[in-house]
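Okay, structure first, notes after.
Proteins come first, then strands; the chains are lettered A, B, ... in the order of their sequence lines, and each starts at number 1.
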Amino acid sequence: MTEPVPYRADVTATTAEIIRDHAELEDGAETDVVVSIAGRLMLRRDQGKLAFGVLQDSTGRIQLFAMAKSTPDFDGFTGLSIGDWVLVKGIVMNTKRGELSVRVDEWTVLAHAQRSFPDKWHGISDPDIRYRQRYVDLWVTEEARTAFRQRSAIVASIRRWLGERDFIEVETPMLHPIPGGALAKPFVTHHNALDTELYLRIAPELYLKRLVVGGMERVFEIGRVFRNEGMSTRHNPEFTMLELYWAYADHADMMVLTEELVEAAALDVIGSTTIDYDGREADLSTPWRRATMEELILEHAGVEVSLGTPMDELRALCDKFGVEVKDHYGPGKLILEIYEKTTESELWGPIFVTDYPVEVSPLSREHRDRPGYTERFEAIVAGRELCNGFSELTDPAVQRQRFEAQEAEGAAGDDEAMVVDDDYIRALEYGLPGTAGLGIGIDRLIMILTGTTTIRDVVLFPTLRPEQVAATGDVEAPADD
RNA sequence: GGGCCGCUAGCUCAUCGGGUUAGAGCAGGGGACUUUUAAUCCCAAGGUGCCGGGUUCGAGCCCCGGGCGGCCCA
């Protein structure tokens, strides 16, 4: 047992409030304003019969000023460790050198830091420690605090914006009997009571569209999805997705909504539509450019392709560009592969890439003017794939064919292919009006708006290999298998 | 999965053509100091050099295997 800490503390002010309310205080002046503030002691400078400290709370930092003649247990105060939580009560004052301070007239330890805090100047530079011990990183890394505060603000802004437009927020299952709604490998788990396999959702899509069938004309969900795939600076196995569905609207409406939503979030949180990202600028102001996938392939790869292009020609192009293809790939898949290999990484955006082939878009409705293509778009913003949206496929018979085509791909070895979801088809049979859908990667959006190039810097606890430190007492060693 | 790079004290980093006892700052412990700003000064302490093999009279350093991380690629 270590020393007990108080159950509660009476805090009357934050450091930010004090700084805001006393900006004009003259050097050496004292006020009669008494405050109680709490936080961690981040720095301490003992000076004989005086001591200075820096207290940090969730809003900022302020100096503490202690005097041997007036601070109770002065020696105890100067004996505090960096990282200790303290409650300090005293007047607001300014030192002779003009540093706004709280005089330590009373103080209480709220918790002792039993472990040494990181270097007070360099902080933590080891990314592994930053991610594994976020509880320390958040104290010592200003950028981390800022990023997560902004993350919260962005999500709140999106919720508000959608609420103002009569979208209602829902929560659909994360445990799916059939993984669906995206082309991705799921995590598998087991439900004991039902004795059945369940999958962590790879997308909420099919449930949300069931809700449109159920009469929820404008519906959205912000939640975690899980994909059992590799990790990188832009992929975490679990990430946050916004999906929304809008009855009576089509993909063109949805592109307008998308660009307006992103613009609004940027203005709301960043205060600007111009962002610096990875040393380059992007202008998020509406409208964004729209171009078909094939137009963009022509621009960037210099080749003209379409679903009418002979298969051997498409295969030859894939070969030329170094794309690995499988025998069962149709022309739509080949065009997508060419796009991804030659064009996608060249795009900076914001831009809507439109008219994806039916073959690679099993849930999208066929384009009203271009057979074989869909009314689907993805947005590229600051070189990142940000979202995916389309006019939803509403015809149950066609949806069944698409699912079956997917199953055939699965049989051919594609482990990301979809399987038939009979209940979803049953829902469509009850009638789904023309509806537009959208999925936005919230983590990616936050990266773009906050200028962060690693998803791990916008996810509080990114997925890491489990730590295995035996004997140090840091982490229990896992039992041998 | 492949390539490159890294791993030294709680944290940030040194050290070397293989050579007594692996250094420093910060943090932590002692002490000095009545206006500091990463305060300063003095003292003491702090290490399985990621792990396991190998080469060598001698390995933190060279070689092999493994672990973890980063970046790039698939």
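- The pair A:E142-A:R145 meets the salt-bridge criterion, with a side-chain N (NZ, NE, NH1 or NH2) lying under 4.0 Å from an Asp/Glu carboxylate O.
- For B:A22, there is no paired base (Watson-Crick or G-U wobble, both distances below 3.5 Å).
- When rounded to the nearest whole Å, the span between NE2 of A:H112 and C1' of B:G28 equals 13 Å.
- Within 4.0 Å of A:E324, counting heavy atoms only, lies no atom of the nucleic acid at all.
- Under the Watson-Crick and G-U wobble criteria, each requiring two contacts below 3.5 Å, nucleotide B:G1 is paired to B:C73.
- The partner of B:C62 is B:G54, by the rule that a Watson-Crick or G-U pair needs both atom distances under 3.5 Å.
- Position along RNA chain B of the nearest nucleotide to A:D46 versus A:N94 favours A:N94 as the more 5'-ward residue.
- Between the CZ atom of A:R44 and the P atom of B:C33 there is a distance of 16 Å, rounded to whole Å.
- Separating the CE atom of A:M67 from the P atom of B:U34 is a distance of 13 Å, rounded to the nearest angstrom.
- By the neighbour-count criterion of 12 heavy atoms within 6.0 Å, atom CZ of A:R224 is sparsely surrounded, having that number or fewer from other residues, nucleotides or ligands.
- The side chain of A:S125 places an N or O atom within less than 4.0 Å of a non-bridging phosphate oxygen (OP1 or OP2) of B:C13.
- With B:G28, B:C71, B:C11 as the candidates, the nucleotide lying closest to the side chain of A:I82 is B:G28.
- Atoms CG (A:D137) and P (B:U12) sit 11 Å apart, rounded to a whole Å.
- Side-chain proximity of A:L43 to B:C11, B:U34, B:A39: nearest is B:A39.
- The side chain of A:P127 has B:G69 as its nearest neighbour among B:G28, B:U12, B:G69.
- Residue A:W121 places its side chain closer to B:A38 than to any other of B:A74, B:A38, B:U34.
- Atom CG of A:L464 is separated from atom P of B:G67 by 17 Å (rounded to the nearest Å).
- In this structure, A:R132 reaches the B:G69 phosphate: one of its side-chain N or O atoms is under 4.0 Å from OP1 or OP2.
- Without hydrogens or angle criteria, A:S232 side chain to A:H235 main chain gives a donor-acceptor distance under 3.5 Å.
- A close approach under 4.0 Å does occur between a side-chain nitrogen or oxygen of A:K120 and OP1 or OP2 of B:A39.
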Kindly determine whether A:T240 and A:R151 satisfy side chain to side chain donor-acceptor pair (under 3.5 Å), including the steps that lead there. CA-CA 11 Å; A:T240 301; A:R151 177 174 182 125; 3.3 Å; yes
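- Not a single donor-acceptor pair, N or O on each side, falls under 3.5 Å between the base of B:G10 and the side chain of A:D119.
- Of all nucleotides listed (B:C68, B:C71, B:U12), B:C68 comes nearest to the side chain of A:D128.
- The partner of B:U34 is absent, by the rule that a Watson-Crick or G-U pair needs both atom distances under 3.5 Å.
- Distances were taken from every side-chain heavy atom of A:Q47 (C-beta onward) to each of B:U12, B:A39, B:G28; the shortest belongs to B:A39.
- Pair assignment for B:C68: B:G6, on the basis of Watson-Crick or G-U wobble contacts that are both within less than 3.5 Å.
- Rounded to whole Å, atom P of B:G69 lies 14 Å from atom CD of A:Q133.
- A:K69 places its NZ atom 12 Å from the C1' atom of B:U35, with the value rounded to the nearest Å.
- Under the Watson-Crick or G-U wobble criterion, with both distances below 3.5 Å, B:U15 is left unpaired in every strand shown.
- Ring centroid separation for the pair A:F377 and A:F390 does not come in under the 6.0 Å cut-off.
- Distance A:M42 CE to B:C26 P: 17 Å, rounded to the nearest Å.
- Applying the 4.0 Å criterion to OP1 and OP2 of B:C68, one finds that A:R465 has a side-chain N or O inside that range.
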